[in-house]
Amino acid sequence: MTGFDTIVMVDWSASKAPSPKRPSADAIWMAVVKDGGAATCTYHRTRTDVMMQLETLLAVELAAGRRVLAGFDFPFGYPDGFAQTVTGQADPLALWADFARRVTDSDDNANNRWDVAKQLNRLFPGVGPFWGCPAGQDGPDLPAKGTLRHGHGMTERRAVEQQIKGAQPCWKLFTTGSVGSQALLGLARLQGLRERFGADVSVSPFQPATTPIVLAEIYPSMLGVDVAKLQGPDEIKDRAQVRVMAQAFAALDGAALETMLGEGHPLEGWILGLGFEDTLRKGLYTAPKPPKLTNDCFALPAGIQWTPVDDALALLETRLTPVTAVEDVLGTSSVGRVLAQDVTALRSNPPLPNTAVDGYGFAGGRGEGPHVMPLAEGRAAAGLRHMDAVPEGHAMRILTGAALPDGVDTVVLQEDVTVGAGQIAFNGPIKCGANTRKAGEDIEAAQVILPAGRRVTAADVALMAATGVDRVAARQPLRVAVVSTGDELVEAGASAQPGQIYDANRPMLLGLIAQMGHVPVDMGRVADNRDALAACLDRAAAQADVVLTSGGASAGDEDHVSALLTDAGAMQMWRIAIKPGRPLALGLWQGIPVFGLPGNPVAALVCALVFAGPAFGLLAGAGWRIPQGFDVPAAFSKRKKPGRREYLRARMVEERVEIFKSEGSGRISGLSWAEGLVELPDGAATITPGDTVRYIPFSSFLS
Ligand code: AMP
Ligand code: MG
């Protein structure tokens, strides 16, 4: 078996108290990369917290038939002979089970590691091998300094540690960089995973890595230079370490990872990937940008004169793929971004059962009639976990949002209660569970909350935050270069000769691109001159992901966009059966798709909405979306010939749709008057007032 679906990397901590509330260094960080995507990194204040999250993840992945490699940055084994003396067996995993029995490690990180170290040291002759502790803990069983040890018979370093400068020996328990304490507490926790997941989990290199879950030892300093290079400006180093490690392992092919997992010392353990740093590093610097489009992506089936709109759309949908790179962004700054991966809840919402109202909580429902109950001491309020259980038959004051104390599953509304003399009275019936919210009734931990391809809304950011998600894998915004072509064009504001017209398309298309959620890149105007156009397309291809031109797209003498793309061998004239609209010139320039729109502003806008809109959504990673239309009664008459689909400038007035007074394709005022388009079918049609027609608001084209 080769290959893992999910890579998890954990930066462990032996801290004796919960780490600060604010994500900080020297605490526990976990990075998860699924299917080679971007990393999800989480901060954990306690070992219990990270283990709970990890166990949920492992259970979900296991149930989905997916393989997980989980790395931890502490030694998995000790110098040869240690396990034998402690457990009577050479098996390093017998040592894990032994640690799990000795170690107590509370939910708040309080633990007995000094006592465990003393117990272990007593099993050896002389003094040691463990050393290092805070003042007051030291003594003959645990020396404060390494130099006070003697006669314990253990070597100082494992074989693997002789290969790496700077790695700390596992005997050192105290002060910076000491991994000894982390291993004592960590191995006890990992033994818990082994017990829970049984034959589905193996430990590298002690067991063959053929199970769905594989645990391995890692050493992030191995890629220290890379972590320093790739650390984000606002990123905590520990976070960068687990993220970079996870990305490096996730980028490996199955065979390379299998080779690494095959290395190691059967008794002392091994650091996964040691000696393969260059292989690991490679995956970090290959751009995560998706492959470019193929040259024939705009090829049309042979022999077709006029392509129906639906066929043209279907071709675009099948030929185009996302072209934007994936990056890791703060959830709070992701509004408007397209998600590159499904986002899963890190925590349930609500996390605990709580009350939906202000009132009085007790256990069980009550039947018809009056009820009197003694009030228990204290009250439960949001943010305050009430520790003592509410005694049977008693009620407790409880405020909206408060977690239900033990002994409470039902809440009666305060308005329905009379309070006095340490008692409450109210009239039944009240159902068991009334006025309460179940844990996870909104969202369960590990549930997908937002799908890949979604453009993040403000409400989505609330959902992410409520379920503990702080960073997401998002696509970089699609950059769309906009070019106007034509000798006749001048810029509004400049003086125009009689034969000149102002460039209306460029500002319109730049605005449209921004409204679609992409990044418009203004490339200015180019004259009807091949070299100038070629130079402009060169510049556009260097700065943008796609180019949108207007004008010069037909087959006339001055139609340089189509001529140039034809010469480059990567252009197709799409004669689409659409009105308004002349041919679209579609092609690739240096691997970048070029959408050549007609110059006429009405045709340019309609073709941009109908074709470029869905196509750019796909290039941006947002999937293919057909604008939402509505069947509404017409307020107009119209007779149309068969052969072309028609789009009319339209708007709703009193629940009927009216159209602009003129169909003249040069009438920009009609575009501005309109709030959407009426779409008339490809075939012939006679419309009289009251007939149903399809109306598509402009907003539908933009979402
Ligand atoms: P073309 O497709 O280049 O033959 O242009 C068709 C018509 O649209 C001509 O009348 C052009 O003057 C006009 N046109 C082309 N580009 C623009 C533009 N950027 N703004 C306004 N009108 C334009
Ligand atoms: Mg022109």
Side-chain angles (χ1 to χ4, degrees), residues 298 306-307 312 480-516 520-537 539-540 544 546-567 571-587 589 594-613 644 646-647 649 660 662-674:
F298 294 121
W306 290 94
T307 307
V480 183
V482 178
V483 186
S484 281
T485 71
D487 286 339
E488 73 279 28
L489 302 178
V490 286
E491 199 77 6
S495 63
Q497 301 297 313
Q500 293 183 315
I501 60 167
Y502 289 118
D503 178 4
N505 289 348
R506 204 170 93 250
M508 171 177 76
L509 295 172
L510 288 167
L512 193 68
I513 294 306
Q515 285 185 327
M516 287 175 175
V521 182
D522 187 356
M523 302 306 300
R525 287 172 287 112
V526 247
D528 287 321
N529 168 306
R530 220 179 239 243
D531 293 341
L533 183 60
C536 180
L537 290 181
R539 275 183 280 120
V546 55
V547 185
L548 189 61
T549 68
S550 70
S554 290
D557 292 347
E558 293 301 328
D559 288 321
H560 295 279
V561 175
S562 45
L564 202 60
L565 291 173
T566 308
D567 283 1
M571 168 19 225
Q572 283 282 325
M573 284 294 248
W574 283 35
R575 287 193 182 78
I576 302 171
I578 184 174
K579 185 184 172 189
R582 290 199 303 177
L584 287 187
L586 298 181
W589 187 263
V594 178
F595 276 68
L597 300 173
N600 180 297
V602 177
L605 183 67
V606 168
C607 291
L609 293 174
V610 174
F611 300 109
R644 290 208 282 175
E646 269 188 56
Y647 290 91
R649 285 151 280 179
F660 190 58
S662 158
E663 287 182 24
S665 62
R667 299 253 194 152
I668 297 176
S669 68
L671 288 177
S672 174
W673 170 94

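Order of appearance sets the numbers: ligands from 1, and atoms from 1 within every ligand.
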- Task: Drop me the distance from R530's CZ to D567's CG, to the nearest 0.5 angstrom.
- Result: 4.5 Å

- Query: For P580 and V606, which heavy atoms make the closest approach, and how far apart are they?
  - Reply: CG-CG2, 3.9 Å

- Spacing of CG belonging to L564 relative to OG1 belonging to T485, to within rounding of 0.5 Å: 11.0 Å

- Query: What atoms of ligand 1 come within less than 4.0 Å of a heavy atom belonging to I501?
  - Reply: 12 (O), 21 (C), 22 (N), 23 (C)

- Query: If you measure from each non-hydrogen atom of R525 to ligand 1, which part falls under 4.0 Å: side chain, backbone, both or neither?
  - Reply: neither

- Query: Is any N or O atom of P601, backbone or side chain, closer than 3.5 Å to an N or O atom of ligand 1?
  - Reply: no

- Query: Is the closest N or O pair between N600 and ligand 1 shorter than 3.5 Å?
  - Reply: yes

- Message: How close do V490 and A496 get, counting heavy atoms only, and between which atoms?
- Response: CG2-CB, 3.8 Å

- Got an N/O contact under 3.5 Å between L489 and ligand 1? no

- Considering non-hydrogen atoms only, spot the tightest contact between M523 and A481 and give its length. CG-CB, 3.6 Å

- Query: Quick check: does R506 get an N/O under 3.5 Å from an N/O on ligand 1?
  - Reply: no

- Which ligand 1 atoms are under 4.0 Å away from a heavy-atom of Y502? 20 (N), 21 (C)

- Message: Checking D531 now: which residues fulfil side-chain contact (heavy atoms from CB on, under 4.5 Å) with it, not counting sequence neighbours?
- Response: N529

- Give the numbers and elements of all ligand 1 atoms closer than 4.0 Å to a heavy atom of D503. 18 (C), 19 (N), 20 (N)

- Would G552 count as a contact of ligand 1 if the rule is a heavy atom under 4.0 Å away? yes

- Task: For the residue pair F595 and F298, categorise the inter-ring angle as parallel (less than 30°), tilted (30 to 60°) or perpendicular (more than 60°).
- Result: perpendicular

